[in-house]
**Q** 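One structure, pasted below without further comment.
Counting starts at 1 for both ligands and their atoms, following the listed order. The analysis underlying the following values was restricted to heavy atoms, covering all of them including side chains, and did not include hydrogens, waters or symmetry mates.
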Amino acid sequence: MNRVRVMAIALAIGSTAGGPALDLFPATQILMENGSPYYVPDTATVVSGTPIRWDNPTPTHHTVTHNDCAKEDHPCLFDSGTVAPGGHFTVPGLSKGRYPYHCGIHPIMRGQLVVTDDLSTPSQL
Ligand SMILES: [Cu+2]
């Protein structure tokens with residue numbers, strides 16, 4: 001698992017070399033992968049209001065779709081639509097809570113955002 005993660009990060013750095021995109025704001029970055037755990041990290045803990053950015057360094061199209069988008073009585077808080085290879089998707093920030101999400105093209109791909117008010121204290125969600 002660790003080796004996969006290091007490779008994914010190296011790949012992401014390589015794909016953005018020469019571009020300032022990662023320096024524009026202090027976003028939490030999540031990488032898409034074609035193998036488990038698919039979203040790296042698959043559970044990301046972020047502070048409320050912090051932008052979250054998913055990068056797709058794979059040769060495959062993916063989406064980042066809040067699970068509630070499929071539920072009639074719940075708000076769909078984020079849905080990237082198709083993210084092309086080399087593309088990315090950014091959510092400007094979310095309020096405190098847990099946000100499970102998945103890939104609309106590959107339902108096996110599942111991740112979760114845990115948004116807290118303060119990273120220094122364990123969340124009581
Ligand atoms: Cu996918």
Side-chain angles (χ1 to χ4, degrees):
M1 172 99 63
N2 276 341
R3 193 185 315 163
V4 169
R5 186 167 177 158
V6 168
M7 286 173 58
I9 290 168
L11 187 60
I13 290 169
S15 67
T16 55
L22 287 180
D23 299 326
L24 291 178
F25 47 75
T28 295
Q29 190 183 24
I30 299 171
L31 294 175
M32 304 178 190
E33 293 186 346
N34 282 346
S36 179
Y38 302 106
Y39 296 103
V40 182
D42 55 354
T43 297
T45 302
V46 302
V47 175
S48 57
T50 302
I52 303 125
R53 170 175 164 149
W54 286 262
D55 278 278
N56 181 10
T58 76
T60 309
H61 290 76
H62 296 293
T63 81
V64 176
T65 305
H66 182 215
N67 285 4
D68 282 0
C69 296
K71 300 175 185 170
E72 279 190 14
D73 297 332
H74 293 72
C76 176
L77 295 179
F78 53 90
D79 187 358
S80 66
T82 302
V83 179
H88 62 87
F89 170 63
T90 302
V91 168
L94 295 165
S95 54
K96 184 175 176 177
R98 285 181 184 272
Y99 303 91
Y101 63 89
H102 64 280
C103 173
I105 301 168
H106 313 103
I108 196 174
M109 297 176 62
R110 296 191 166 273
Q112 179 170 239
L113 293 174
V114 179
V115 181
T116 67
D117 288 335
D118 182 352
L119 271 186
S120 66
T121 55
S123 64
Q124 303 291 325
L125 295 176

**Q** Determine all donor-acceptor pairs shorter than 3.5 Å in which one atom belongs to a side chain in residues 76-85; sequence neighbours excluded.
**A**
unit_1	atom_1	unit_2	atom_2	d
Asp79	OD1	Thr65	OG1	2.9
Asp79	OD1	Gly81	N	3.3
Ser80	OG	Val64	N	2.7

**Q** List for me each residue that meets ring pair (Phe, Tyr, Trp, His ring centres under 6.0 Å) alongside Tyr99, sequence neighbours excluded, and say none if there are none.
**A**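 Ring pair (Phe, Tyr, Trp, His ring centres under 6.0 Å) list for Tyr99, sorted by chain: His66.
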**Q** Pick out which of Thr50, Val115, Val47 makes a side chain to side chain contact (heavy atoms under 4.5 Å, CB included) with Leu94.
**A**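 Between Leu94 and the candidates, side chain to side chain contact (heavy atoms under 4.5 Å, CB included) is satisfied uniquely by Val115.
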**Q** Would you tell me whether His61 and Asn56 have side-chain atoms, one donor and one acceptor, within less than 3.5 Å of each other?
**A**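 Their side chains do not contain a donor-acceptor pair, so the 3.5 Å distance test is not met.
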**Q** Is it true that Asp55 and Arg53 make a salt bridge, defined as a side-chain N closer than 4.0 Å to a carboxylate O?
**A**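 Arg53 and Asp55: salt-bridged.
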**Q** Considering the Cu ion (ligand 1), could you give the total of protein N/O/S atoms lying closer than 2.8 Å?
**A**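 Step by step: take the Cu ion (ligand 1), keep protein N, O, S below 2.8 Å, and you get 4.
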**Q** Which residues pass the ring pair (Phe, Tyr, Trp, His ring centres under 6.0 Å) test with His74, not counting sequence neighbours?
**A**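 Listed in chain order: nothing, the list is empty.
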